[in-house]
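Residue numbers start from 1 in every chain, and the chains themselves are labelled A, B, ... in the order their sequence lines are given, proteins ahead of strands.
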Number of protein chains: 2
Amino acid sequence: MKLIDNANIYNTQQNILIAVDCIIFGFTSNKLKLLLFKRKVEPAKGSWSLIGAFIKNNQSIDDGAKQILFETTGLKDIYLEQLKTYGEVLRDPAQRVISVTYYSLTSVHEFELESVEKYDAHWFDLDEIPDLIFDHGKMVKDAIEQLRNKAKHQPIGFNLLPEFFTIPELQSLYESIYQRKLDSRNFRKKILSLDILNKTEKKDKSGSKKGAFLYCFNKDKFETLISKGVNFEI
Amino acid sequence: MKLIDNANIYNTQQNILIAVDCIIFGFTSNKLKLLLFKRKVEPAKGSWSLIGAFIKNNQSIDDGAKQILFETTGLKDIYLEQLKTYGEVLRDPAQRVISVTYYSLTSVHEFELESVEKYDAHWFDLDEIPDLIFDHGKMVKDAIEQLRNKAKHQPIGFNLLPEFFTIPELQSLYESIYQRKLDSRNFRKKILSLDILNKTEKKDKSGSKKGAFLYCFNKDKFETLISKGVNFEI
DNA sequence: CCAAAAGTGTTTCCATTACACCCATGA
DNA sequence: TCATGGGTGTAATGGAAACACTTTTGG
């Protein structure tokens with residue numbers, strides 16, 4: 001039995017909790033990874049799970065998602081989008097909980113690959129995702145699908161890569177989202193035709209002996225482009 | 001003060017209500033309409049609003065949406081899809097309520113145009129939507145956008161039209177979704193190339209003196225098509 | 001007989017795809 | 001010098017868009 005002292009103007013008998021869960025994709029070493037946590041509470045304590053938390057009474061759901069992302073990765077102001085709300089009655093066996101999911105794409109620097117381990121978290125390759133609690137497996141599946149769809153209408157790579165990046169890097173990002181190889185000539189043609197990249201004179205030689213030119217992203221042109229609506233099918 | 005007697009295993013202090021709101025589009029007389037209700041409770045009693053209800057403790061959110069749709073229109077088993085969840089802290093000035101929205105497309109028969117008036121509801125033309133309570137206007141805007149996107153990847157018309165319909169009828173449905181005129185030759189070509197329509201020998205003469213052939217929709221071929229993934233850009 | 005909507009084909013254009021070789025360089 | 005990944009152009013294909021006239025028939 002529990003006392004609740006807030007106003008209940010609508011006078012409902014509703015007793016449902018609401019949580020957010022975040023599906024966080026990270027791009028590193030030319031691979032797409034997923035961030036998972038070892039759950040710290042019963043039921044299913046110790047199992048792999050998405051990052052989640054209950055919404056606070058004075059916090060919007062968007063802010064709840066941002067906060068949990070920040071607390072667990074240190075990342076702010078990144079591409080974070082609502083995915084779907086999961087509301088089956090028995091999805092959480094302990095108690096009725098409705099979960100609003102968000103997904104996010106971020107670049108993962110080398111040190112972040114390790115640093116999350118402190119939180120009992122781990123970056124998994126997409127093809128090595130372990131069994132997840134409740135309906136979290138379904139959430140991940142839906143998020144991947146959504147990500148692919150999204151990629152068709154927005155050049156998502158730009159929220160994801162470091163300030164300077166090479167075309168082959170961008171290509172391998174798209175390849176890991178789509179899970180297939182792309183033709184480098186066609187990819188380059190398409191990307192450059194959007195006219196949202198600025199070429200620099202510098203080269204990144206970490207990927208090859210010849211080195212690849214570094215580009216950066218022209219924010220103004222990019223804004224114009226998405227406001228007009230892009231078609232970005234690759 | 002209120003006593004809640006359900007288990008609170010997670011021991012949160014959360015006090016947030018959760019509701020569904022439905023954005024119901026109806027197609028009739030070659031126009032797309034939106035179903036709105038006069039709100040019956042304070043605050044904003046008497047204002048126009050979407051159809052909504054609080055989720056019951058033992059009801060999934062999908063079922064909650066289906067139920068409210070059935071109760072207010074008598075329609076079952078129709079295209080009903082989750083749109084987005086709205087969770088700003090102050091979106092409902094009375095109490096913290098998070099709303100999961102669903103949208104739906106249905107054909108509206110003549111008698112239904114009138115019959116909803118009993119419930120203090122009304123079908124509005126899309127360009128005559130009145131001011132709505134809270135963030136419902138935003139919900140409608142988002143739903144229209146989603147509807148257009150959806151129409152590009154699924155032949156949505158089939159959940160919407162009566163069993164027998166003419167090609168010009170189908171075309172005007174798409175025209176009202178996209179809010180622009182389509183070329184009748186190209187439209188017909190595209191629709192028929194999908195090979196999901198069965199032509200009948202009957203004609204509907206309500207739209208013209210010549211009359212247009214009635215088609216019905218081949219359910220088997222349709223299922224095959226969406227399972228393979230359709231591109232339906234018009 | 002005529003107004004009003006239904007029905008029909010062809011051409012143009014553009015975007016996507018497929019495809020193969022040279023370049024630069026560190027080891 | 002050679003292995004490795006970076007960088008480039010062109011031809012073929014297919015789908016979308018543009019476009020105008022004939023047919024039917026109730027009034």
Quiz item: In terms of side-chain heavy atoms, does B/Asp204 have a donor or acceptor partner in B/Thr166 at a distance below 3.5 Å?
Solution: no
Quiz item: Do you know which of A/Leu147, A/Ile24, A/Leu80 makes side-chain contact (heavy atoms from CB on, under 4.5 Å) with A/Leu105?
Solution: A/Leu147
Self-check item: Integer-rounded Å distance: D/dT24 P and B/Lys205 NZ
Solution: 11 Å
Self-check item: B/Asp125 side-chain N/O to B/Glu128 backbone N/O, donor-acceptor pair under 3.5 Å
Solution: no
Practice problem: State, to 0.1 Å, how close B/Cys216 and B/Phe165 come at their nearest heavy-atom pair, and which atoms those are. | Solution: CA-CE2, 4.3 Å
Self-check item: Donor-acceptor contact below 3.5 Å, side chain A/His136 vs main chain A/Ser49
Solution: no
Self-check item: Set of residues satisfying side-chain contact (heavy atoms from CB on, under 4.5 Å) with respect to B/Glu145, sequence neighbours excluded
Solution: none
Output one line per pair: protein atom, nucleotide atom from nucleotides 8-14 of chain D, and distance, for all N/O pairs under 3.5 Å.
{"residue": "D/dT10", "atom": "O4", "partner": "A/Lys189", "partner atom": "NZ", "Å": "2.9"}

Quiz item: Residues two or more places apart in sequence or in another chain: which of them pass ring pair (Phe, Tyr, Trp, His ring centres under 6.0 Å) with A/Phe124?
Solution: A/Trp48, A/His122
Quiz item: Below 4.0 angstrom, N of the basic side chain to O of the carboxylate: do B/Asp62 and B/Lys66 qualify?
Solution: no
Exercise. Applying side-chain contact (heavy atoms from CB on, under 4.5 Å), name anything that partners A/Lys141, two or more places apart in sequence or on another chain.
Key: none
Exercise. Heavy atoms of chain A, cut-off under 4.0 Å: which first and last nucleotide of DNA chain C, 5' to 3', fall inside that, if you could look?
Key: C/dT16 to C/dG26
Mind listing the N/O atom pairs, protein and nucleotides 3-5 of chain D, below 3.5 Å?
none

Quiz item: What integer distance in Å separates A/Leu197:CG from D/dG7:C1'?
Solution: 15 Å
Practice problem: Rounded to the nearest 0.5 Å, what's the gap from CD on A/Gln171 to CG on A/Asn30? Could you check? | Solution: 10.0 Å
